[in-house]
Amino acid sequence: MDLEYTPHTSPINPGLYSQLSLVLMGIGIFFMAWFFVYEVTSTKFSRQISIEGMLSLTAAAFLGFGTLFTMLWAGIYV
C-alpha cells in the first residue's frame with residue numbers, strides 16, 4: 001500500500017488576503033454603524049429584537065471573518 005501525500009493548499013489565494021480583509025472589515029463596520037444608529041434613534045418601545053439580532057449577527061460575522069483574514073495577511077496563521 002503506497003500512500004502519496006499532497007501538500008495542503010488554501011482554497012483562497014494568499015495574495016487576496018489583504019483585499020478580503022479590507023472588504024470584509026468595511027462591510028462589518030457598515031453594519032455595526034447601522035446597528036448603533038438604530039439603537040440611538042429608536043425608542044425602547046419601537047425597537048424590534050429581530051432587527052437588532054439581524055444587524056448584530058451580520059456585523060459580527062463580517063468583522064470576525066475580516067479579523068481572520070487580517071491576521072492571515074499579517075502572517076499570524078490560525
Side-chain angles (χ1 to χ4, degrees):
M1 177 161 43
D2 189 22
L3 297 176
E4 290 187 30
Y5 294 106
T6 58
H8 174 72
T9 57
S10 174
I12 298 173
N13 184 4
L16 295 176
Y17 288 164
S18 62
Q19 296 163 345
L20 270 173
S21 68
L22 293 175
V23 167
L24 291 172
M25 292 291 265
I27 294 171
I29 290 171
F30 169 76
F31 279 104
M32 183 180 66
W34 189 0
F35 176 77
F36 286 153
V37 168
Y38 179 77
E39 289 295 317
V40 169
T41 58
S42 62
T43 64
K44 71 178 187 177
F45 301 111
S46 66
R47 291 184 186 149
Q48 294 179 354
I49 192 71
S50 59
I51 293 175
E52 291 178 3
M54 184 260 318
L55 288 174
S56 63
L57 287 175
T58 306
F62 278 109
L63 287 173
F65 282 113
T67 303
L68 172 71
F69 283 108
T70 301
M71 289 190 293
L72 290 174
W73 180 28
I76 304 170
Y77 295 104
V78 291

Check the hydrophobic clustering (I, L, V, M, F, W, Y; side-chain heavy atoms under 4.5 Å; chains of links allowed) and say if [X] and [Y] are grouped together.
{"X": "Val40", "Y": "Leu55", "answer": "no"}
{"X": "Leu57", "Y": "Ile27", "answer": "no"}
{"X": "Phe45", "Y": "Val37", "answer": "no"}
{"X": "Ile76", "Y": "Leu24", "answer": "yes"}

Let me confirm one number: the [atom1]-[atom2] distance from [X] to [Y], rounded to the nearest 0.5 Å.
{"X": "Thr70", "Y": "Leu63", "atom1": "OG1", "atom2": "CG", "result": "10.0 Å"}
{"X": "Leu22", "Y": "Trp73", "atom1": "CG", "atom2": "CH2", "result": "5.0 Å"}
{"X": "Ser56", "Y": "Trp34", "atom1": "OG", "atom2": "CH2", "result": "12.5 Å"}
{"X": "Tyr38", "Y": "Ile51", "atom1": "OH", "atom2": "CD1", "result": "4.0 Å"}
{"X": "Gln19", "Y": "Asn13", "atom1": "CD", "atom2": "CG", "result": "9.5 Å"}
{"X": "Phe35", "Y": "Thr58", "atom1": "CZ", "atom2": "OG1", "result": "11.0 Å"}

*Specify whether Tyr17 and Phe69 have parallel, tilted or perpendicular ring planes, treating 30° as the upper limit for parallel and 60° as the lower limit for perpendicular.*
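Tyr17 and Phe69: tilted rings.
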
*Under 3.5 Å: donor-acceptor pair, side chain of Ser21, backbone of Ser18*: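 Looks like yes, one N/O pair under 3.5 Å.
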
Provide the closest heavy-atom pair for [X] versus [Y] in the form atom of the first, atom of the second, distance.
{"X": "Phe31", "Y": "Ala59", "answer": "CB-CB, 3.8 Å"}
{"X": "Arg47", "Y": "Glu39", "answer": "NH2-O, 3.0 Å"}
{"X": "Leu72", "Y": "Val78", "answer": "CD2-N, 4.2 Å"}

